[in-house]
Amino acid sequence: MHPDPAVLFVCLGNICRSPLAEAAFRAEAERQGLQAIVDSAGMGGWHAGEPPDPRAQTVARAHGVEIGHLRARQVTAADFHQFSHVIALDGSNLRDLRRLRPGQARASLSLLLDHVPGRGGEDVADPYYGSAEGFEVTWAEVRAGAAGLVRALLSPA
Ligand code: 4NP
């Protein structure tokens, strides 16, 4: 079990949105002075072992963050015990995570954009089948979500 807070970002493939969320959160945690364990995973295992999508690597690099060393993995039931916060990138991921979460689990579940004022309940759009501009939108969304989540973890209600 990781020390608190331990944050796991989950999307479908773990090669586009959740690695970007992981990287944005790590950068934001450092900026705001939060110590946290950070990881990401996918609902599916199709891309397990692969680095992030080249378009995700490009957008991260354009914003000063390297993600080429990350490797995709599939979320497991043990993750709900290891992590204090499991953060879904979209509503479909959230529904699937609720089904997978063991009854006694430690992790709280939420949507990333629940942590952005005025955007609660919204999805981070899946850029996989779109264009490079889609990845800029994704970056802006995960950065806003990461900033809000770090703030919330630094000043719990
Ligand atoms: P991600 O994007 O969930 O943001 O990593 C996707 C990556 C791969 C697939 C779908 C979405 N796929 O179908 O393989």
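Counting starts at 1 for both ligands and their atoms, in listed order. Sequence positions, counted from 1, serve as the residue numbers for this chain.
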| task | For atom 1 (P) of ligand 1, grab the closest protein heavy atom and report residue, atom and distance to one decimal in Å. | result | C11 SG, 3.4 Å
| query | With a cut-off of 6.0 Å (strictly less than), are more than 12 heavy atoms of other residues, nucleotides or ligands near CZ of R26? | reply | yes
| query | Taking only heavy atoms of H47, which atoms of ligand 1 are found under 4.0 Å from at least one of them? | reply | 8 (C), 12 (N), 14 (O)
| query | Short list, please: which atoms of ligand 1 are under 4.0 Å from a heavy atom of Y129? | reply | 13 (O)
| What atoms of ligand 1 come within less than 4.0 Å of a heavy atom belonging to I15? | 5 (O), 7 (C), 8 (C)
| query | Which atoms of ligand 1 sit under 4.0 Å from any heavy atom of C16? | reply | 1 (P), 2 (O), 4 (O), 5 (O)
| note | Ranking L12, V124, D126 by closest non-hydrogen atom to atom 2 (O) of ligand 1, top hit is D126
| query | Checking side chain to side chain contact (heavy atoms under 4.5 Å, CB included) for the pair F80/L97: CA distance, chi angles, key distance, verdict? | reply | CA-CA 9 Å; F80 295 87; L97 287 166; 3.7 Å; yes
| Salt bridge D53-R17, side-chain N to carboxylate O under 4.0 Å | no
| Just wondering, more than 12 heavy atoms not from E50 lying within 6.0 Å of its CD? | yes
| field | Residues that Q74 engages under side-chain hydrogen bond (donor to acceptor under 3.5 Å, both in side chains), provided they are two or more places apart | value | none
| message | Counting only nitrogen or oxygen atoms and a 3.5 angstrom limit, does R17 reach ligand 1? | response | yes
| request: Under the side chain to side chain contact (heavy atoms under 4.5 Å, CB included) rule, what do V75 and F83 come out as? Steps first, then yes or no, please. | output: CA-CA 11 Å; V75 68; F83 290 86; over 6 Å; no
